[in-house]
Enquirer: 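The structure is given below, and queries will be raised subsequently.
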Amino acid sequence: MSEENKTKKVRKILGIKGMNDILPDESPLWELLENTVESVLKSYGYQRIRTPIVEETALFARGLGAVTDIVEKEMYSFEDSLNGDQLTLRPECTAGVVRAVLEHNLTYNGPKRLWYTGPMFRHERPQRGRYRQFHQIGAEAVGFPGPDIDAELILLCRRLWDDLGLDNIRLELNSIGNAEERNRHRSDLIAYFEQNLDLLDMDARRRLHSNPLRILDTKNPHMQDMVNAAPKLLDYLGPDSLAHFEGVQKILQRNNVPFTINPRLVRGMDYYNRTVFEWISEELGAQGTVCGGGRYDPLFEMFGGRPTPSCGFAMGVERLIELLKAKSDMALSSKVDVFIAHQGDEALLEATVLAESLRNTGLDVVLYCTAMNSGGSFKAQMKRADESGAAFAILIGEDEIKSGQASVKALRAGKDGENQSAVPFENVADYLVEQIVGECECGDGHSSHGHCIH
């Protein structure tokens, strides 16, 4: 190898902009959210479904609508070089769930309550709470025609906020009726906007004839007064749509769920109908919607299936993580219970056996292994033990091997005034369980980090 090649600096490869690493320090919050979500969804009878990250491009073009921003500008689409298939990284998951339900005939034995979680992909300008690879948690209730399932999904969200300790998340509600009602409203809406053409920005003009409902959702401050005076879709609803919407409201009111009816709350996707809702936090700035959902009865027929009334929601994980981070009382860590330090070949062997026996009791244990740029002295290992956050350290050296006793040291606070004890190897597990475990209300044992060990 030439001297020039030896000194040539290798380019460091960085992550793609808007596609973020989730580092170990952040993982406890993600795990808290995921575990809480799974528990709440299970309590309502929802079953998890996992769909592929890549689907046929036509799936999203048909479901989302060819003139939506997602299909026009944001999808990561490509041609499979091996067979020429047109493929897309999923920008959302509802279309994939419906495809899976149809493909596997999941509603053969009746309606299904399903949920999912995973990464989605949209090519847009990264900003707080909005990334190119982002994560969503969603639920889809398939085969339910009544307002009760719409309300159930909203109640489920309310329970999730309560379990996570999140407050100041408000609910906005609307109905966008059926296709016939929307078409009548659409005609009048276009006529109204044409009369106010000079007030429309370029984005609104582009959508005027292709997707005028989206103009109602504009954030342009110069258009607000004009948009507020536009024809309201609620005034076009027929008896069935009104009865459905009133049914949702009655259930929410009976369950003390406050909400605001927002006539401007619409959906850009072609498949939505009747109930639409959003949960909004004022703590996230412009990206305040943490969960959006609604009914999508037409989607199954759009995909070639039988009419299947359905309702669902999707929530942004990154935005919920931001809210959890802001909670001052959210004390989470990935600390362990026990750190084992050792010196000598025989001590290493004994340490591995002891570590496994402690893990068998349910304790979290870090065993020191040879590390870069770090000496193997007990002093260096104890520094690592302190950094780990462990409640106890176990030291095993030549003296401990000869005596058959491990040195067990309390790192945070000695119990009964004792900081270090010599404990026979065969008794270490029982000793530490007694020292670490606190009795919980149910009478079961839990480690210092909340892990049940029985």
Side-chain angles (χ1 to χ4, degrees), residues 17-18 64-65 67-75 91-92 122-132 134 136 166-177 182 184-237 258-270 272 275-294 313-316 318-323 326:
K17 186 177 182 181
L64 299 175
V67 295
T68 59
D69 282 350
I70 297 174
V71 173
E72 287 182 331
K73 300 185 296 186
E74 297 174 3
M75 293 202 312
E92 56 89 48
R122 296 185 189 179
H123 192 282
E124 52 188 347
R125 183 171 63 86
Q127 52 189 294
R128 181 188 180 193
R130 177 176 289 189
Y131 305 106
R132 291 175 176 171
F134 59 99
Q136 283 188 341
L166 297 177
D167 45 23
N168 298 322
I169 301 180
R170 58 183 173 84
L171 173 63
E172 291 190 353
L173 197 64
N174 193 24
S175 175
I176 57 174
R182 283 198 304 278
R184 287 192 288 111
H185 172 253
R186 186 179 187 275
S187 297
D188 290 352
L189 194 62
I190 291 174
Y192 172 81
F193 286 140
E194 286 177 337
Q195 293 170 6
N196 294 274
L197 195 61
D198 56 327
L199 297 176
L200 300 183
D201 58 22
M202 292 303 297
D203 195 45
R205 292 186 183 195
R206 181 178 62 85
R207 288 170 163 162
L208 178 56
H209 293 281
S210 61
N211 201 348
L213 270 182
R214 292 299 295 164
I215 300 176
L216 298 175
D217 200 30
T218 181
K219 302 299 187 291
N220 186 337
H222 302 294
M223 293 174 54
Q224 296 304 311
D225 290 342
M226 182 270 296
V227 167
N228 286 335
K232 293 177 172 54
L233 183 49
L234 282 173
D235 296 333
Y236 292 75
L237 299 187
F259 60 87
T260 301
I261 294 179
N262 179 3
R264 289 176 54 181
L265 179 57
V266 295
R267 287 288 179 263
M269 279 78 118
D270 292 348
Y272 278 98
T275 309
V276 291
F277 62 88
E278 288 187 359
W279 290 92
I280 301 169
S281 170
E282 303 300 335
E283 300 175 19
L284 295 173
Q287 304 302 325
T289 300
V290 296
C291 176
F313 67 70
M315 56 184 65
E318 281 82 357
R319 296 181 189 182
L320 290 172
I321 293 295
E322 287 287 326
L323 294 178

Enquirer: Among residues at least two apart in sequence or on other chains, which ones pass side-chain hydrogen bond (donor to acceptor under 3.5 Å, both in side chains) with Arg186?
Expert: none
Enquirer: Just verifying a value: how many Å separate Phe313 CZ and Glu278 CD, rounded to the nearest 0.5 Å?
Expert: 14.0 Å
Enquirer: Thr289 and Trp279: side chain to side chain contact (heavy atoms under 4.5 Å, CB included), yes or no, with the steps?
Expert: CA-CA 6 Å; Thr289 300; Trp279 290 92; over 6 Å; no
Enquirer: Got a sec, which pairs hit ring-ring contact (aromatic ring centres under 6.0 Å, His included) with one end in residues 213-237, sequence neighbours left out?
Expert: His185-Tyr236
Enquirer: For Arg170, enumerate each residue passing the salt bridge (charged side-chain N to carboxylate O under 4.0 Å, His left out) test, keeping only those at least two apart in sequence or located in another chain.
Expert: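 So Arg170 forms a salt bridge (charged side-chain N to carboxylate O under 4.0 Å, His left out) with Glu172, Glu282.
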Enquirer: For the atom pair CD (Glu92) and CD (Glu74), what is the distance rounded to the nearest 0.5 Å?
Expert: 12.0 Å
Enquirer: Please determine if Asp201 and Arg205 form a salt bridge, counting it only when a charged side-chain N lies under 4.0 Å from a carboxylate O.
Expert: no
Enquirer: Distance-only, no hydrogens or angles: does the Gln224 side chain make a donor-acceptor pair with backbone N or O of Asn220 under 3.5 Å?
Expert: yes
Enquirer: Can you name the side-chain contact (heavy atoms from CB on, under 4.5 Å) partners of Asn196, sequence neighbours left out?
Expert: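 Asn196 satisfies side-chain contact (heavy atoms from CB on, under 4.5 Å) with Tyr192, Leu199, Met226 once adjacent residues are dropped.
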Enquirer: If you round to the nearest 0.5 Å, how far is CG of Leu189 from CG of Leu216?
Expert: 5.0 Å
Enquirer: Can you measure from CG (Leu166) to CG (Leu320) and round to the nearest 0.5 angstrom?
Expert: 6.5 Å
Enquirer: Test of understanding: with side-chain hydrogen bond (donor to acceptor under 3.5 Å, both in side chains), list the residues that count as partners of Thr275, not counting sequence neighbours.
Expert: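 Counting only residues at least two positions away or on another chain, Thr275 forms a side-chain hydrogen bond (donor to acceptor under 3.5 Å, both in side chains) with Asp150.
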Enquirer: Any salt bridge linking Lys232 with Asp235? Criterion: basic side-chain nitrogen under 4.0 Å from a carboxylate oxygen.
Expert: no
Enquirer: Just how far is it from atom OG of Ser175 to atom CD1 of Ile261, taken to the nearest 0.5 Å?
Expert: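 That separation rounds to 9.5 Å.
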Enquirer: Please round to the nearest 0.5 Å and tell me the distance separating atom CG of Leu237 and atom CG of Asn174.
Expert: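 Answer for the CG-CG pair, Leu237 versus Asn174, is 8.0 Å.
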Enquirer: Test of understanding: with side-chain contact (heavy atoms from CB on, under 4.5 Å), list the residues that count as partners of Ala314, not counting sequence neighbours.
Expert: Tyr116, Gln136
